Amino acid sequence: MNVHRENGDLITYLERVKMWHRDRNLIDGATDKDQVCKLIQEVGELSDNVCKGKDVSDDIGDCIVVLANIAERNGLSITKCVEVAYNDIKDRKGKMVDGVFIKEELPSLSREDFIE
């Protein structure tokens, strides 16, 4: 996999998406609430196609397009948002059990652990 090219392509498409939003007044003419409602609609379409075993490429892309709008409206970049999320999860340990990610709990600390 050519990560450098994929990253460059993603940045190019995200810039195009931002311009598309601006050209259609979807940054200044919409609200975060409007865009979150749109995101829920797109996630619903993604869910429908996952359940039906259909191609989900367009659905994933549509979700990213709406997320890019919300990020732009808030002065953020998708890259920064992913960086923040990754830093939040990178050290998380756990495993998937019956479709649910179970976080590995840190050992419990008692009051005595802090007293010298």
Side-chain angles (χ1 to χ4, degrees):
M1 179 165 105
N2 187 339
V3 175
H4 178 66
R5 175 163 165 91
E6 182 174 316
N7 186 39
D9 290 346
L10 181 58
I11 291 169
T12 298
Y13 280 111
L14 287 171
E15 289 302 317
R16 290 178 186 170
V17 164
K18 287 195 288 190
M19 286 306 303
W20 184 88
H21 282 127
R22 291 210 176 275
D23 291 347
R24 286 154 184 82
N25 196 33
L26 291 169
I27 300 297
D28 298 327
T31 66
D32 284 344
K33 183 179 174 182
D34 296 332
Q35 292 303 298
V36 169
C37 289
K38 181 64 176 169
L39 179 61
I40 291 167
Q41 176 189 356
E42 298 298 351
V43 169
E45 291 175 16
L46 172 62
S47 174
D48 187 50
N49 284 327
V50 164
C51 291
K52 292 176 180 174
K54 293 184 175 179
D55 179 37
V56 295
S57 324
D58 182 61
D59 305 308
I60 292 169
D62 287 345
C63 290
I64 292 170
V65 165
V66 178
L67 289 169
N69 178 289
I70 297 169
E72 181 74 6
R73 297 176 46 68
N74 287 277
L76 301 167
S77 71
I78 291 292
T79 304
K80 179 62 177 175
C81 294
V82 172
E83 176 187 351
V84 169
Y86 175 74
N87 285 332
D88 187 45
I89 66 166
K90 69 181 179 186
D91 297 322
R92 201 175 281 171
K93 295 186 179 6
K95 61 182 176 180
M96 189 66 82
V97 178
D98 295 327
V100 177
F101 184 78
I102 307 296
K103 290 184 199 176
E104 184 178 294
E105 295 296 325
L106 295 173
S108 296
L109 298 176
S110 67
R111 186 173 182 274
E112 288 75 32
D113 293 324
F114 296 99
I115 297 174
E116 293 184 48

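Heads up: numbering here begins at 1 and tracks the sequence. The analysis underlying the following values was restricted to heavy atoms, covering all of them including side chains, and did not include hydrogens, waters or symmetry mates. Predicted model, so just to flag it, every value in this text is computed and none were measured.
With sequence neighbours left out, Glu45 forms a salt bridge (charged side-chain N to carboxylate O under 4.0 Å, His left out) with no residue at all. Listed by chain and number, the residues in a side chain to side chain donor-acceptor pair (under 3.5 Å) with Asp28 amount to none (sequence neighbours excluded). Not counting sequence neighbours, the partners of Glu15 by the side chain to side chain donor-acceptor pair (under 3.5 Å) test are Lys18. Taking Asp48 as the reference, Lys52 meet the salt bridge (charged side-chain N to carboxylate O under 4.0 Å, His left out) condition, with sequence neighbours excluded. Applying the side chain to side chain donor-acceptor pair (under 3.5 Å) criterion to Gln41, with sequence neighbours excluded, gives Lys38. Listed by chain and number, the residues in a side chain to side chain contact (heavy atoms under 4.5 Å, CB included) with Ser77 are Thr79, Lys80 (sequence neighbours excluded). Residues passing the salt bridge (charged side-chain N to carboxylate O under 4.0 Å, His left out) test with Arg22, sequence neighbours excluded: Glu72. Remark: Leu67 pairs with Leu39, Ile78 by the side chain to side chain contact (heavy atoms under 4.5 Å, CB included) rule, at least two apart or across chains.
Ala30 and Gln35 make their closest contact through CB-NE2, 3.8 Å (heavy atoms, listed as atom of the first residue, atom of the second, distance).
Counting non-hydrogen atoms of other residues, nucleotides and ligands closer than 6.0 Å to OH of Tyr86 gives a total of 12 or fewer.
Considering CZ of Arg16 and NE2 of His21, their distance stands at 15.0 Å, rounded to 0.5 Å.
Each of Ile27 and Val17 belongs to its own hydrophobic cluster when Ile, Leu, Val, Met, Phe, Trp and Tyr are linked at side-chain heavy-atom distances under 4.5 angstrom. Both Val50 and Val66 belong to a common hydrophobic cluster when Ile, Leu, Val, Met, Phe, Trp and Tyr are linked at side-chain heavy-atom distances under 4.5 angstrom. Val82 and Leu10 fall within the same hydrophobic cluster, defined by Ile, Leu, Val, Met, Phe, Trp and Tyr side-chain heavy atoms under 4.5 Å apart, directly or through other members.
Between the side chain of Arg73 and the backbone N or O of Asn69, no donor-acceptor pair lies under 3.5 Å.
If you chain together ILVMFWY residues whose side-chain heavy atoms come under 4.5 Å of each other, Leu76 ends up in a group of its own. Through chains of ILVMFWY side-chain contacts below 4.5 Å, Val100 is grouped with Val97, Ile102.
Looking only at atom types and distance, the side chain of Thr31 has a donor-acceptor partner in the side chain of Asp34 under 3.5 Å away.
Sorted by first and then second residue, the salt bridge (charged side-chain N to carboxylate O under 4.0 Å, His left out) pairs with a member in residues 91-102 read Asp88-Arg92; sequence neighbours excluded.
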Please list, one pair per line, the donor and acceptor atoms closer than 3.5 Å that link side chains of residues 55-65 to other protein atoms, with sequence neighbours excluded.
unit_1, atom_1, unit_2, atom_2, d
Asp55, OD1, Ser57, N, 3.3
Asp55, OD1, Ser57, OG, 2.7
Asp55, OD2, Ser57, OG, 3.2
Asp59, OD1, Asn49, ND2, 3.4
Asp59, OD2, Asn49, ND2, 2.8

